[in-house]
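Worksheet: one structure, shown below.
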Amino acid sequence: MRLLHRHVQPRTVTTAACLLLVAGAVSCSSVAQPADGRPAELIVFAASSLTDAFADVEQTFEAEHPEVEVEVIVDSSSTLAEQVVAGAPADVLATADEATMQRVTDEGLAAHRPVTFARNQLTLVTPADDRTSVQSVVDLERDGVTYAVCVPDAPCGAAARALLDLLGVDAEPVTEEENVRAVLTKVTAGEVDAGLVYVSDAEAAGADVGVVDLPRAGEVLTVNRITALSQAAEPELARDWVTLVSSAQGQRVLASYGFLPAP
Amino acid sequence: MSPPGRRRLRPRSAHGATGAPPWQLVLPALVALSLLVLPVIGLLSRAPWSTLPERLADPAVLDTLRLSLLTATTATGCCLLLGTPLAWLLARADIPGRRVVRALVLVPLVLPPVVGGVALLTAFGRQGVVGQWLDSLFGVRLPFTTVGVVLAQTFVALPFLVLAVEGALRSADSRYDDLAATFGASRWQTFLRVTLPLALPGVASGAVLAWARALGEFGATITFAGSYPGTTRTMPLAVYTALNSDFDAAILLSLVLLVVSVGVLVLLRERWTTGVAA
């Protein structure tokens, strides 16, 4: 409160407020149309399972396009799809399943037919210093064992539900996280005994987690889809990104992070 | 009417000698007002009115609302039980480092709630400073439980109650306390019979603020308590989750939260303002 007691003339305040408004208007328009000479920005919306793989792709892309600044925004595919539909300024969308991509194509927001560029498979991860020792999927049903999954709307949550049904696991999770990396974090922080994540997330976490292979996981493969968006401010760069991800080089990167090749 | 001589003592009306309100104040005020009101109008205009009855009949909505009301009210109770004594210590007791204590009380107020959630995990999580002892000694785990939600809400709401009650205690005349003491009342008796009744309006408004803050709690809750229907997914979390799939559902939940919170606040306010005036 004391901060506010300085003697500031009302006129100064009003002028400052007007200046702020003007500055806001100016910076808004400058985001939409970058002035010449400034680095172009490519905004990639990606499923959170792609966090590490796309960070790697980003380095390659920026090496090939030194004038471009790539911004990879990660969250649950369903969150990102909703944001794209709501008009978020993204150039590329990469999802972790078909359904969330369909949401965007239904609205006519994809610049081309989305491309399947990888597949993924679920696995069970446990904290590295596991005390309750979840050794198999059956252990999820033991008393006192807690596990996390994604919300059913997110691709990882839909896949987890399908797989648990397939395996006849009755035990309920203690939490449904908004995206797969939030599940992973709950596991690495040791707050839950296990979590259902993608093989690629387990790969990314490395020694921070123990991995329990799930039987029949191969029956619930998810597909990673990508498209340039019709609302892209940088349509050509967006297509370049899609091409790079689908190229042999991009595929090698994805494979190194545990993704399965597209069929 | 009142005699002419008394009239001068009254505050001048807006159009008195000072003239019309200056545009430098009116313009920003109108901008402020529309900034506050437009989002609510947007919510109302986009609401799925045609499907409203069937959507409202969904038991999941009522369960979520029940959980929100239960946790926010419990958290407010915790704030009253713990915060009022803390406010009294800050206002009336001679404790060393009072300024430091008050600054500590303010921390959750300035902390982004999600950071509060992370902090709660490091304290009360299974690997937390306190949490690991709770787990190993008593088998008590707070994250991912309804108790965890109440803890998160209490953490963020407590400063509101403490500040309001402390303010009420400071503005109340402490000489009544001294008077009670001269009549032989113990400090505890004085607190219960004299200090607290005098500060009651402040306690009430602090409780309302704390309740509203607890009801709207999102960041600390989703970080510390997770999100699961029936146990930890309160209304704000349900709104966020619904946004991933069904915008109409998110709007509906927002409307319910809006109606309930504004309704309760209006009811309580009328009750308490008349109580204060009497």
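Just so we're on the same page: letters track the sequence lines, and every chain starts at 1.
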Test side-chain hydrogen bond (donor to acceptor under 3.5 Å, both in side chains) applied to B:Asp63 - qualifying residues, sequence neighbours left out | B:Arg66
Listed by residue number, which members of residues 148-162 of chain A have a heavy atom under 4.5 Å from any heavy atom of chain B?
-> A:Val151, A:Asp153
List in chain and number order the residues that pass side-chain hydrogen bond (donor to acceptor under 3.5 Å, both in side chains) with B:Arg98, two or more places apart in sequence or in another chain; answer none if no residue qualifies.
-> none
Give, as side chain, backbone, both or neither, the part of B:Leu27 having an atom under 4.5 angstrom from any heavy atom of chain A.
-> neither
Under 4.5 Å from a heavy atom of chain B, the part of A:Ala189 involved = backbone
Side chain, backbone, both or neither of A:Val192 within contact of chain B (heavy atoms, under 4.5 Å) = both
Answer yes if the side chains of B:Ser227 and A:Glu177 hold a donor-acceptor pair under 3.5 Å, and no otherwise.
-> no
To the nearest 0.5 Å, tell me how far B:Tyr228 OH sits from A:Glu172 CD.
-> 3.5 Å
Looking only at heavy atoms, what is the nearest atom pair of A:Asp75 and B:Tyr240, with distance?
-> OD2-OH, 4.2 Å
Flag yes if more than 12 heavy atoms outside B:Phe218 fall under 6.0 Å of its CZ atom; otherwise flag no.
-> yes
Nearest 0.5 Å, what's the CD-CG distance between A:Glu178 and B:Leu243?
-> 9.0 Å
Set of residues satisfying side-chain hydrogen bond (donor to acceptor under 3.5 Å, both in side chains) with respect to A:Arg119, sequence neighbours excluded = none
Per-residue contact mode, B:Thr145 against chain A (heavy atom under 4.5 angstrom) = neither
Heavy-atom closest pair (B:Arg141 atom, A:Asp193 atom, distance to 0.1 Å) is NH1-OD2, 4.1 Å
Donor-acceptor pair, A:Glu191 side chain versus B:Arg126 backbone, under 3.5 Å?
-> yes
